[in-house]
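Take a look at the structure set out below.
Indexing begins at 1, ligand by ligand and atom by atom, following the structure's order. The basis for the numbers below is simple: all heavy atoms, side chains too, and nothing from hydrogens, waters or symmetry mates.
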Amino acid sequence: MSRNTLFDKVWDLHAVRALPSGQTQLFIGLHLIHEVTSPQAFAMLRDRKLTVPYPERTVATVDHIVPTENQARPYADGLAEEMMVAIERNCREFGIRLFQPGSGKQGVVHIIAPEQGLTQPGMTVVCGDSHTATHGAFGAIAFGIGTSQVRDVLATQTLSISRLKVRRIQVDGRLRPGVYAKDVILHVLRTLTAKGGVGFAYEFAGTCIDAMSMEERMTICNMAIEGGARCGYVNPDATTFAYLKGREHAPKAHAWDAAVAWWSALASGADAEFDDVQRFTAETIEPTVTWGISPDHGIGVKEAIPARESFAKDEWQTIDEAYQYMDLKPGQAIAGVAIDVAFIGSCTNGRISDLREAARVIQAHGGKVDARVKAFIVPGSEAVKVAAEAEGLDKIFTAHGFEWRNAGCSMCLAMNPDKLQGRQISASSSNRNFKGRQGSSTGRTLLMSPAMVAIAALEGKVADVRDVLAKAAKNGG
Ligand code: SF4
């Protein structure tokens, strides 16, 4: 079946067979693994005496548990050290490439694969991590999978999965200064809700998306999962090809031209049929901040926390829980809410363009991190760290009171030593504001763009980055 969408074309090209269950056995082009969701899968392979038939199609890195300060081995955290030892052994035994700290290629799994040219248009990509949707920015169909599915893919390079419906999310127009890709996706989530995309793949399109860099598109696709969609993607175009050209694993010489022709043919056609289309206007999107306990609890920075009556009735219990957990009240302005911690990083916003923009707004502001706030910046990969240091961004950050760390997931999930304490509130460029997400069972998270996190760190509270940029422009900055 094909309705001339990229999703359907890529699906049909990878379908091995239709299963009696109604699902499809889908061939997987690229399998990404990390230290947290792979050990049990390898243990299951050993139990069943299975091998990995296509080890060259699996790539491993370590990201979740890696300390961002002292990386000397053995790690102080015994469990983290155990996970490191396990992935080293598993990759050695099954012949899988592993990018470790110090290799120059380590980092968050969803950052390193694109930067090395491993993620390419038309691929099927899976990883035992929810935010695998990131790779859809290249026109790949990319899913997060569970541990038993990691085992299945290691053992067969295929996956049993149900076909999805396709919703086109059309964002037209131009973003205003101080409004970023993160604001677009938080706005989409707020509008379509966290469950609105269940059963769908999201195709992001429109003039706003067309004008975005690959890094911005990755931010958008990364959070498709927060809207319930199994994956999100953008059709490959000249921006995609320019990003990939010359990267280590991208096709070379004659193979490059053939690849570009092939990739172009995979894009959704002008006559593509979608199950649903939702339209957004870029100019109406504001810098967006979450106030609650789900990524769809976002509001414009100038707005007040909404009354529960503005949500569907079946959401009221969650909304009440959110007011209570966050200790925020309906009608209260989000601007001015004091923060304790500022975190810039993660697979959503830990790329070089995120760090450049954070540095730019920090310089426009000119101040230092508020005395009450602990602020730290974690590059998404070792390559991002090297690039940032070559540009002097680390010097800008440290001169303004931010800590500059080594690559990893860090406080996105806080499986390493970077954790909130008690009821602390963080301004965070990550992707989830669930209860306890950042390492304290009572800690609180406000999601926003990296530029907004930087300004919150300097002000000690949620503030509008547009005010800082406008003031700097007025002063000739
Ligand atoms: S940065 Fe966060 S969301 Fe991304 S892979 Fe790491 S823990 Fe998962």
Side-chain angles (χ1 to χ4, degrees), residues 30-38 59-68 77 80 83-84 87 99 101 106-115 118-119 125-137 142-147 150 181-182 185-186 189 194 215 218-227 229-232 290 294-295 341 343-352 354-355 376-385 405-420 426 428-434 436-439 443 445 447-450 453:
L30 176 65
H31 186 197
L32 302 168
I33 60 172
H34 59 76
E35 74 282 17
V36 177
T37 51
S38 65
V59 172
T61 189
V62 284
D63 48 13
H64 288 64
I65 53 95
V66 174
T68 57
D77 176 349
M83 286 191 202
M84 278 296 281
I87 197 163
F99 300 129
Q106 174 265 343
V108 182
V109 64
H110 308 311
I111 293 191
I112 61 143
E115 74 189 8
L118 286 160
T119 305
V125 181
V126 296
C127 176
D129 188 278
S130 311
H131 295 86
T132 309
T134 312
H135 306 265
F143 302 95
I145 55 175
T147 294
V150 172
K182 181 64 159 288
I185 190 63
L186 288 174
L189 297 176
E215 300 203 347
M218 283 189 253
T219 298
I220 300 260
C221 291
N222 172 276
M223 291 188 73
I225 184 78
E226 306 307 340
R230 188 78 196 264
C231 65
T290 63
S294 171
V341 173
F343 167 62
I344 296 178
S346 87
C347 59
T348 313
N349 282 128
R351 297 182 178 81
I352 188 69
D354 298 312
L355 305 191
F376 61 110
I377 299 184
V378 181
S381 69
E382 290 184 334
V384 170
K385 183 167 196 259
R405 301 287 186 83
N406 291 305
C409 295
S410 180
M411 201 185 271
C412 174
L413 185 58
M415 288 189 79
N416 76 345
D418 305 330
K419 297 181 197 304
L420 290 183
S426 81
S428 179
S429 73
S430 55
N431 44 54
R432 285 189 166 162
N433 52 346
F434 300 160
R437 169 78 177 180
Q438 294 192 291
T445 302
L447 300 175
M448 59 191 84
S449 70
V453 174

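Distance CG/Asn222 to CD/Glu215: 12.5 Å, rounded to 0.5 Å. With rounding to the nearest 0.5 Å, the separation of OG1 in Thr445 from CD in Gln438 is 3.5 Å.
Residue contacts with ligand 1, taken as heavy atom pairs separated by less than 4.0 Å, do not involve Thr348 at all. Contact annotation: for Met415 versus ligand 1, there are no heavy atoms closer than 4.0 Å.
The closest protein non-hydrogen atom to atom 8 (Fe) of ligand 1 is Asp129 OD2, 3.1 Å. The single protein non-hydrogen atom nearest to atom 2 (Fe) of ligand 1 is Cys412 SG, 2.3 Å, given as residue, atom name and distance. Cys347 N, 3.3 Å is the protein heavy atom nearest to atom 1 (S) of ligand 1.
Under the 4.0 angstrom criterion for non-hydrogen atoms, Val108 is in contact with ligand 1.
If you number the atoms of ligand 1 from 1 as listed, the ones under 4.0 Å from a heavy atom of Arg437 come out as 2 (Fe), 3 (S). Near His131, the atoms of ligand 1 lying under 4.0 angstrom from a non-hydrogen atom of the residue are 3 (S).
Between the side chain of Thr61 and the backbone N or O of Phe99 there is at least one donor-acceptor pair closer than 3.5 Å. With hydrogens and angles disregarded, a donor-acceptor distance shorter than 3.5 Å links the side chain of Thr219 to the backbone of Thr348.
Of all non-hydrogen atoms in Val384 and Gly350, the two that sit nearest each other are CG1-O, 3.6 Å.
Atom 4 (Fe) of ligand 1 does not have Cys409 among its coordinating residues (no N/O/S atom, backbone or side chain, under 2.8 Å).
Asp418 and Arg405 are joined by a salt bridge, as a carboxylate oxygen and a charged side-chain nitrogen come within less than 4.0 angstrom of each other.
The aromatic rings of His135 and His110 sit perpendicular, their planes meeting at an angle over 60°, well past the 30° parallel limit.
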